[in-house]
Amino acid sequence: MYFLYVVTGLAVLVSFIVDYRKTFRAFEIAVKKFVKILPAFLTMLVLVSIVLFLVPDRVISEYLGTGNKFIAVLFASFFGSITLMPGFIAFPLSGILLKKGVLYMVLSAFTTTLMMVGILTYPIEKAYFGTRATIIRNMLSLAIALVVALMTGIFFREIF
Amino acid sequence: MRRTDILKTASISAYVIFILFSFAVGFAPGREIGRIFKTFSVDMFRVLPCAFILIGLFEVWVKKETVEKHFGERSGLRGYLWAVLLAGTTVGGLYVAFPVAYSLYNKGAKLSVIFTYVGASAICRVPMTIFEASFLGMKFSLIRLFVSIPLVILSSIWLGNYLEKRGYRILPGK
């Protein structure tokens with residue numbers, strides 16, 4: 001995180017020294033773009049708060065650890081798609097689940113869909129790329145996540 | 001205001017009133033929702049200002065020809081390679097990748113390259129991958145990267161071609 005601040009600070013400093021007018025224009029562009037997309041961000045945050053309240057970690061853990069492993073993969077990709085978590089929550093949670101005996105392929109389906117499939121980021125993605133591209137990209141990502149889960153299962157000898 | 005805008009404003013207002021009311025009367029579910037909202041807002045707004053400042057600098061300093069050359073129609077395979085490498089340095093997540101991809105597109109990057117960038121920035125951000133490997137093991141992360149990156153590139157090429165054939169245009173001005 002600090003790295004981002006350092007890089008941004010340096011970039012602004014260098015830009016300012018070379019051409020302060022251009023730097024001001026960059027700030028103007030940044031503010032304008034940010035304000036324009038802000039409503040979509042707020043919509044997303046509202047959705048995130050409601051969905052994560054309805055689907056807490058406890059519920060996710062329960063579904064990922066039970067029953068048939070292929071059904072567990074499907075559950076994992078479902079929860080990964082409908083929720084949104086920063087890595088600092090998702091990976092420690094996955095680490096705990098792994099110790100509890102949840103399969104690698106299930107965790108793979110969960111983390112990959114969590115990262116790639118964004119039903120909650122839909123308002124933002126749609127604002128930039130439109131409905132069609134957003135829906136297709138998310139469906140392709142879901143398919144990719146399932147392939148990744150399958151390969152993870154094969155490499156860890158959890159299937160076949 | 002259009003009807004959808006009115007609906008959106010109304011639901012956001014209802015949400016805000018609900019949260020405030022929940023805190024006032026101590027309604028636990030409402031407070032929990034408010035708490036989650038705050039956690040995620042703080043997390044995102046720590047990244048977003050920097051991301052948008054960098055996007056602003058990118059817009060004023062980087063020439064259209066440069067982006068066209070490295071990410072555009074004639075960039076070939078190198079375009080995808082650059083997209084994946086750039087994705088590796090992206091922070092935050094998809095929500096940062098979208099505005100970056102949008103700026104790249106407006107500077108002349110081709111569709112399949114920006115979709116590669118979006119997909120790759122979901123799965124191969126370097127700090128995140130290191131963090132992942134520390135909890136789930138190096139083998140897990142490597143399998144994920146080696147399987148998903150080629151698939152992301154292939155599916156992006158397909159998606160780019162498909163959308164171009166349909167005469168798809170990303171609206172300017174966001």
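Since we're looking at a predicted model, the values are computed, not measured. Per chain, numbering begins at 1; letters A, B, ... match sequence-line order.
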### Engaged part of A/Phe27 at the chain B interface, taking heavy atoms whose separation is under 4.5 Å
side chain
### Task
Taking B/Ser112 for its side chain and B/Gly160 for its backbone only, find out whether a donor-acceptor pair lies under 3.5 Å.
no
### Summary
Max heavy-atom pairs within cutoff under 4.5 Å with chain B, candidates A/Ile96, A/Ile144, A/Val46, goes to A/Val46
## Note on the structure
With chain A, the option among B/Gly34, B/Pro29, B/Gly119 that has the most non-hydrogen atom pairs under 4.5 Å is B/Pro29
### Query
Using non-hydrogen atoms and a limit below 4.5 Å, what part of residues 121-129 of chain B faces chain A?
B/Ala122, B/Ile123, B/Met128
### Query
By a 4.5 Å heavy-atom criterion (distance strictly below it), what part of B/Thr39 contacts chain A: side chain, backbone, both, or neither?
neither
### Summary
When the 4.5 angstrom heavy-atom criterion is applied to A/Val12 and chain B, the contacting part is both
### Query
Does any heavy atom of chain A fall under 4.5 Å from the side chain of B/Tyr162, the backbone, both, or neither of them?
side chain
### Query
Between A/Arg137, A/Met85, A/Lys99, A/Arg132, which shows the greatest number of heavy-atom pairs under 4.5 Å with chain B?
A/Arg132
### Query
Relative to chain A, which segment of B/Ile114 carries a heavy atom at a distance below 4.5 Å: side chain, backbone, both, or neither?
side chain
### Task
Without swapping roles, check the side chain of A/Thr112 against the backbone of A/Ala145 for a donor-acceptor pair under 3.5 Å.
no
### Query
Hey, which residues of residues 130-147 of chain B are touching chain A, say heavy atoms under 4.5 Å apart?
B/Phe131, B/Glu132, B/Phe135, B/Leu136, B/Lys139, B/Phe140, B/Ile143, B/Arg144, B/Val147
### Residue part contacting chain B, namely of A/Ser108, when any heavy atom lies under 4.5 Å
both
#### Entry: Part of B/Leu163 within contact of chain A (heavy atom distance under 4.5 Å)
side chain
### Task
Using non-hydrogen atoms and a 4.5 Å limit, figure out which bit of A/Phe41 sits close to chain B: side chain, backbone, both or neither.
side chain
### Task
Would you please go through residues 15-28 of chain B and name the residues with a non-hydrogen atom below 4.5 Å from one of chain A, in numerical order?
B/Tyr15
### Query
Between A/Ile136, A/Leu98, A/Ile89, A/Val147, which shows the greatest number of heavy-atom pairs under 4.5 Å with chain B?
A/Ile136
### Query
Contact part of B/Ile53 toward chain A, heavy-atom cut-off under 4.5 Å: side chain, backbone, both or neither?
both
### Task
With chain A as the partner chain, list the residues of residues 64-96 of chain B whose heavy atoms fall under 4.5 Å from it, by residue number, and write 'none' if nothing qualifies.
B/Val91, B/Leu94, B/Tyr95
### Atom group of B/Phe115 that falls short of 4.5 Å from chain A, counting heavy atoms
side chain
### Non-hydrogen atoms of A/Val102 and A/Leu64 that approach each other most closely
CG1-O, 3.9 Å
### Task
State whether the side chain of B/Lys107 and the backbone N or O of B/Val62 hold a donor-acceptor pair below 3.5 Å, judged by distance alone.
yes
### A/Leu54, part contacting chain B, at a heavy-atom distance under 4.5 Å
neither
#### Entry: Proximity breakdown for B/Arg46 and chain A, heavy-atom pairs closer than 4.5 Å
both
#### Entry: Heavy-atom donor-acceptor pair, A/Lys33 side chain to B/Pro99 backbone, under 3.5 Å
no
